[in-house]
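One structure below.
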Amino acid sequence: MVIDLHVHTAFSDGTQTPSELLSEASMEGIDVLGVTDHDTTAGWAPAEAAARVYGLGLVRGMEISCRHEGISVHLLSYLHDPYDTGLAAVVEETRRARLDRTHLIIDRLAEDYPVDMDAVLAVSGEDATIGRPHIADALVAAGIVESRTEAFASILSSHGKYHVSLPTIDPITAIALIREAGGVSVFAHPRAAMRGLVVPDTAMADFIAAGLDGLEVDHRDNPQSEREIMRRLAHDRDLIITGSSDYHGTGKPNRLGEHVTTDLMFAKLLDRANSRPGGVDFIQG
């Protein structure tokens, strides 16, 4: 099977509705898709409906924003209970923090550029988890930059004067909450140095000791040499190894299915999810 476990819809910072995304995945020969919008499960229901229409397997998930000693960490949570009070409360707080941060960034940008909140909402839609990619889209719409990539490399750089950090929870707390909600936790693009600082080996060991289930090894932002190190670590610690595109539609150059998860590792993910009470089921194609 062709299994891509990390994609985004317009409910976070992707550019397609769940139906549009599932339709494209079907045409591209994807068999199983993992919809993992940032800090929201709002796209699960329309994705499920589309999966049944197009005959795709669907893994319902979410990408959770965390921070460890000042370093951004993203955890993928698969097949958890979206109504679990502990995890849901943290995610809702993060969504509020994202919106507050967006207002602060716009206030700073407004001193130099003709961008306001209405411009951001015009490109994001009301139901989306608002974030920096939508500010980038507003800059594109205003003709200030040509693409999200250019916006993040210049105006929205984490080292620039407009940057505002997102207050989030520690990954160790998130790992526990995911497990309590019946889900499976996977560290997204753990060696993506091009995005900023990556956590040291000691922190990685702490995450694994806390119950981290897997590593997203095959991802375009992980250098090839680091992928082999992560693969060996995952093998030694009996972790799930995933490969994913992190597809965002036209929001990023990533292509659907450019990295995939093996059938064996996908079965291991499902086995682990099935061993925990309270989660949701994999939707068969």
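A salt bridge does not link R232 to E228: none of the charged side-chain nitrogens sits closer than 4.0 Å to a carboxylate oxygen. Using a 4.0 Å cut-off between charged nitrogen and carboxylate oxygen, R276 and D213 count as a salt-bridge pair. Between K252 and D221, no side-chain nitrogen of the basic residue sits less than 4.0 Å from a carboxylate oxygen of the acidic one, so the salt-bridge criterion is not met. A salt bridge is absent between D13 and R132: the closest approach of a Lys/Arg side-chain nitrogen to an acidic carboxylate oxygen does not fall below 4.0 angstrom.
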side-chain contact (heavy atoms from CB on, under 4.5 Å) between D4 and E28: does it pass, once the steps are laid out?
CA-CA 11 Å; D4 187 343; E28 292 293 330; over 6 Å; no
Is there a side-chain contact (heavy atoms from CB on, under 4.5 Å) between V115 and I144 once you walk through the steps?
CA-CA 10 Å; V115 175; I144 298 166; 4.0 Å; yes
Given side-chain contact (heavy atoms from CB on, under 4.5 Å), test E20 with E24 step by step and report yes or no.
CA-CA 6 Å; E20 291 168 343; E24 181 178 354; over 6 Å; no
Evaluate the criterion side-chain contact (heavy atoms from CB on, under 4.5 Å) for residue pair L156 and L109; output intermediate values, then yes/no.
CA-CA 9 Å; L156 296 181; L109 284 170; 4.3 Å; yes
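Both V35 and L256 are members of a single hydrophobic cluster when ILVMFWY side chains are connected at heavy-atom separations under 4.5 Å. The hydrophobic cluster containing L99 also contains V120, counting ILVMFWY residues as joined when their side-chain heavy atoms lie under 4.5 angstrom apart, directly or transitively. In the hydrophobic cluster analysis, where Ile, Leu, Val, Met, Phe, Trp and Tyr join through side-chain heavy atoms closer than 4.5 angstrom, V280 is grouped together with F282. Under the 4.5 Å side-chain contact rule for hydrophobic residues, M265 and L75 share a cluster. Residues L215 and I71 fall within the same hydrophobic cluster, defined by Ile, Leu, Val, Met, Phe, Trp and Tyr side chains chained together at heavy-atom separations under 4.5 Å.
The two residues P82 and A88 make their nearest non-hydrogen contact at O-CB, 3.9 Å. Minimum interatomic distance between C66 and A174 (heavy atoms only, all atoms of both residues): SG-CB, 3.7 Å. Residues Y54 and S19 come closest through the heavy atom pair CE1-O, 3.7 Å. Across all non-hydrogen atoms, the minimal contact from A25 to L56 is CB-CD2, 3.6 Å. For the residue pair M1 and F266, the shortest heavy atom distance occurs at CE-CD2, 4.1 Å. Annotation for S245 and G257: closest pair CB-N, 3.8 Å, computed over non-hydrogen atoms.
H80 is linked by a ring-ring contact (aromatic ring centres under 6.0 Å, His included) to W44, counting only residues two or more places apart in sequence or in another chain. The ring-ring contact (aromatic ring centres under 6.0 Å, His included) check on F187 picks up F207, with sequence neighbours excluded.
Here the side chains of N254 and V7 are not in contact, with every heavy-atom distance at 4.5 Å or above. Counting heavy atoms from C-beta outward, S124 and D137 have side chains that stay 4.5 Å or more apart. With contacts defined as side-chain heavy-atom distances shorter than 4.5 Å, the pair V90/T173 does not qualify. Contact annotation: the side chain of I64 approaches that of L87 to within less than 4.5 Å [non-hydrogen atoms, C-beta and beyond]. Using a 4.5 Å heavy-atom threshold, the side chains of I229 and E226 count as touching. When side chains are defined from C-beta on, L33 counts as touching L21, because their heavy atoms get closer than 4.5 Å. Under the 4.5 Å side-chain criterion, counting only non-hydrogen atoms from C-beta, I3 is not in contact with V59. When side chains are defined from C-beta on, H134 does not count as touching T102, because their heavy atoms never get closer than 4.5 Å.
A side-chain hydrogen bond (donor to acceptor under 3.5 Å, both in side chains) with T129 is found for exactly one of E63, R95, H8, namely R95. Partner of S185 under the side chain to side chain contact (heavy atoms under 4.5 Å, CB included) criterion, out of L212, L177, L76, I240: L212 alone.
With rounding to the nearest 0.5 angstrom, the OG atom of S147 is 11.0 Å from the CG atom of L139. Remark: I169 CD1 to H68 NE2 distance equals 13.0 Å, nearest 0.5 Å. Taking CZ from R148 and CD1 from I135, the interatomic distance works out to 11.5 Å, rounded to the nearest 0.5 Å. One finds the OG1 atom of T36 at 7.0 Å from the CG atom of D246 (value rounded to the nearest 0.5 Å). A distance of 6.5 Å separates NE2 of H163 from CZ of R101, quoted to the nearest 0.5 Å. Between the CD1 atom of I106 and the CE atom of M117 there is a distance of 5.0 Å, given to the nearest 0.5 Å.
Here the side chain of S77 pairs no donor or acceptor atom with the backbone of M62 at under 3.5 angstrom. In this structure, S157 contributes its side chain and F152 its backbone to no donor-acceptor pair below 3.5 Å.
For the 3.5 Å distance criterion, the side chains of H74 and E216 fail to qualify, holding no donor opposite an acceptor. Checked by atom type, the side-chain pair H189/N222 shows no donor-acceptor distance below 3.5 Å. A donor-acceptor contact closer than 3.5 angstrom links the side chains of T9 and D37. Between the side chains of R98 and S65, at least one donor N or O lies within less than 3.5 Å of an accepting N or O.
Residue pairs satisfying the salt bridge (Lys or Arg N to Asp or Glu O under 4.0 Å) criterion with at least one member in residues 40-56, sequence neighbours excluded, are listed as follows: E48-R52, E48-R60.
Checked against the 6.0 Å centroid threshold, H219 and H259 do not count as a close aromatic pair.
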